[in-house]
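Data block below; observations after.
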Amino acid sequence: MVEAILTLMTLGLLFGAGLAFASRVLAVKRDERIEAVEAALPGGNCGACGKAGCGMFAEALVEGRTQIFSCPVADPENLERIAEILDLDIDTDSDRKVAVVRCQGDDEAAKDRFRYIGIKDCNAAQMVAGGHKACEYGCLGQGTCVGDDVCPFDAIYMGPNGLPVIIEEKCTGCGNCVEACPRNIIALMPQGLPVYVLCVSHDGPKYARKACDKACIACGMCVRKCPNEAFVLEDKLAVVDYDKCQAAGVCIDVCPTGALVGPAGSEEKRKEA
Amino acid sequence: MPSKTFRGGVDTPHFKEMSASSPISELPAPEKVTIPLTQHIGAPCEVKVEKGDQVDLGQIIADTDAFVSAPIHASVSGTVEAVTTTRLADGRIVPAVVIASDGEDRWHESVAPKGELRNLDADAIRSIMREAGLVGMGGAAFPTHVKYTPPPGVDLHTIIINGCECEPFLTCDHRVMLEFADEIVFGLEAMMKVAGAKRGLIGIEENKPDAIEALRQAVGDRPYDVIPLKVKYPEGAEKQLISALTGQEVPSGGLPLDLGIVVNNVATAVALANAIKTGQPLIDRVVTVSGDRVGRPGNLRVRIGTSMEDVFDACGGLTEAPERIVIGGPMMGQAVFDISIPITKGCSGVLALSAEIAPVVEEKPCIRCGRCVEVCPSFLMPLYIADYPHEASLEYYPLDCIECGSCSYICPADQRLLERIRLAKVEAEARQRSDDA
C-alpha cells in the first residue's frame, strides 16, 4: 500500500519536473507584443482583415506584413492601444489608407482605338495589341480588380460607365485590387486628402487630350497657380506634395480637364465650377 | 496507305482558291518604308544609321552583338528620313527606321555572290545566314543561324523543310514552292551542309499536288524525300510536322533540337539560297493578300517595311469596310486596328475579312464535351488550363501549348479557350522564371 503511494508520488514528481524543465528549455519564443496586440484587438475573429482570425492578424501586424488599418472593425480606442504597443505614430483620422482608382477614363471620357471583343479580363485585354483604350495608361474596364476572389470585403464594384468604384467605408486597404490591376492604376492612399490626381497618364498635352477628356494633359496650371507650390510635373503628370498642400483648392478650380478631384477649397466654389 | 499526319488537329475551311492561282507579282519599292528594329525573337537591334544618311539597298541599318538576333537591312535605297518608333502587329511600340526611297534600288557594295556552295564550309554558311538577317519566315521569326548552332553534344541528323501551309487563306508558300522549287532544294542542300545532317525531308500538304510535283522534279535524284501529308490544321506547326514525318515527339519543354532535327520554312530556304547565290539579304518576302474584302487577292513580293495600306492598295484596295484585318493567318495571326503597320520578316499574309467569315460570337457555358481535348495537337486539356486564374490550371502544362487555336475553333460553346490559356501561360512563365532565378 505505502509502496504503491510512494511509487506513484515519485513518478508524479519526476514527470512534473520533466514538464517544468521542458516548458522552460523547449519553450517557443513568441514576440510578447503579439499577445498584447491580440488582446487589444476587438477579438471577434471575423476575418474581415483577410486573416484567419485576430491572432493571425496580430502576428502579421507585429511582423510588419499588414497595416494597422486593415482591421476594419477596430475603433479608435483599439487602434491607439495597438499603436502604443507597437510604438507607431498614427493619426486615427487621417492615416486610414484606402484604395483609390486613379483614372476617370470611363466609357464616355476615354476614347477606344478599336472594339475589344475578347474575354472580360484586363490582362487579356492588355495582350490584344496593348489594350483597346487610346490611353495606354488608363483603366481597361474589364473588371479584373473586382470580384470575391480579389476583394474579400465587397468594397469594389464595376460602375455603370466601365470604371471600378471603391466603397471607402468597406475598404480595408488590403491592397488586393492594387495587385490585380495590370496597369497599376489603383493605389493605397490616405483617406480624405484635400486633392487627388485621378490620372496616371504620362502622355503629355498632345496625345493625352485626344485619348481622354479627363486626362492630366501636363498643362502645368496647377503648378503655376497653387499658392503653396505643392505641385510639380513629373514626366508629364501632376504630382502633389502633401506636406506643402494647404487645401486651398485653387488647383481643382484651374484644372482644365477635371483630372484633379478632392474636397479642397470651398463647397460653393466647386459648385460654381 | 493513309497519308502521314499527327494526332489531333482540326479541319478548317481553306479559302485558298482566292489567291492560290495568282503568280507572285513584284510590288515595286514604295515611296517610304518603316523598318522595325525588332522583327525576330531575341534581342532587339541597335540602329546604325542617322537621320539624313544615304543608304543603299541591302545595307545593314541595325545590328547587335547579341547571339539570338539577326541584323536588319535597308529594303530600299534612299535617305533615312527618321529614326523613330512604330507599332507592330502585336501592339508593341518598337524603334524603327523610316527610309524615303529614291527609286533607284541601288545595291550596297556588301551584296555580292558568296561563291559556289561546295567551296563554303559550315561556319561560312552559318555566318551568311546571320549576315543576311535570316529568320524563320513561317511566322515565328526565330533567327535561323541560331537553329544551326546546336549546343555541344547535339547531333543534327535531319533537316525538315516545311511546305505545309496549313493556315487557311495563305498561299505564299504554295506559290514559292511552284516558282522557286530549285532554290528551295539549293537552300536545303546548304542547310544539310551546315548541320552535317544525313536526312533531308520536305513535307507538303497533299492539297498542293502541283507543289509536290514541282519539288520532286527539283530534287531529282538527290537523296531528299518529298512527303505528302494529310490536310489538317496545324500540320505545319513545327512539333506536329516532326511527329507526322518522323513519328517522334518533341519532349515537353524541349525543342526539335533535342531530337537532332531542324525545321525551316520553304521561304527561309529560298532566302538562304538567294543569300548564297546573289548575296541578297532578307529585304523582301512573299505575302498573301487575301480575304473577301480585298479587291484582287494575290501573292505579292513586298519589301520589308512596306505598310499594310500600300499592300492592300496594290491589290485593288479594300472593297468594303472589313470586320477584321489580320496579319498572318486567320488561326494564329493578329487582328490589327491600324493599317499603317509595316510588313515584317515573319509576316506571311494580310487578310481583310467580312463579318460572315470572321463573326463575333457570344461565349456560352462549357458543357465538358471534351472536343478541345480531342483536337489538341499538344495532347493537353485546354478546358482545364483555360480555368485560369484557378491555381490548378497551372498544373496542366500550359507552357506546352503552341497557341494553334484548334481548341477555340472546335469548341461548340465558343469558349475563348486560347485567350484564357495565354493568360495562364504568362503566369506560368513568370513562375518558371522566378523558380530559375
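Here is how names work: the chains are called A, B, and so on, in the same order as the sequence lines, proteins then strands, and each is numbered from 1.
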**OP:** Identify which part of Val336(B) has an atom lying under 4.5 Å from any heavy atom of chain A, answering side chain, backbone, both or neither.
**Re:** neither
Original post:
With chain A, which of Val361(B), Val360(B), Val426(B) has the greatest number of heavy-atom pairs at distances under 4.5 Å?
Top reply: Val360(B)
Subject >> Residue pair Glu419(B) / Ile119(A): nearest heavy atoms and the distance that separates them >> reply: OE2-N, 3.0 Å
Subject >> Within 6.0 Å of CD in Glu362(B), more than 12 heavy atoms from elsewhere >> reply: no
**OP:** Answer yes or no: is there a side-chain heavy-atom contact under 4.5 Å between Arg115(A) and Glu323(B)?
**Re:** yes
Subject >> Which portion of Gln334(B) sits near chain A, non-hydrogen atoms under 4.5 angstrom >> reply: neither
Original post:
Between Leu423(B) and Met127(A), which heavy-atom pair has the shortest distance, and what is it?
Top reply: CD2-SD, 3.8 Å
**OP:** For atom CD of Glu35(A), decide whether the heavy atoms of other residues, nucleotides or ligands shown that lie under 6.0 angstrom number more than 12.
**Re:** no
**OP:** State whether the number of non-hydrogen atoms from other residues, nucleotides or ligands found under 6.0 Å of Met189(A) atom CE is greater than 12.
**Re:** yes
Original post:
Around atom NZ of Lys111(A), are there more than 12 heavy atoms of other residues, nucleotides or ligands at under 6.0 Å?
Top reply: yes
Original post:
Do Glu427(B) and Asn123(A) have side chains that get closer than 4.5 Å, going by heavy atoms?
Top reply: no
Original post:
How long is the gap from CG on Asp338(B) to CZ on Arg113(A), to the nearest 0.5 Å?
Top reply: 8.5 Å
Original post:
Around Phe337(B), counting heavy atoms of other residues, nucleotides and ligands shown, do more than 12 lie under 6.0 Å from its CZ?
Top reply: yes
**OP:** Please look at Arg87(B) and chain A and tell me whether the side chain, the backbone, both or neither of the residue comes under 4.5 angstrom of a heavy atom of that chain.
**Re:** side chain
Original post:
Should the heavy atoms of other residues, nucleotides or ligands under 6.0 Å from NZ of Lys364(B) be counted, would the total exceed 12?
Top reply: yes
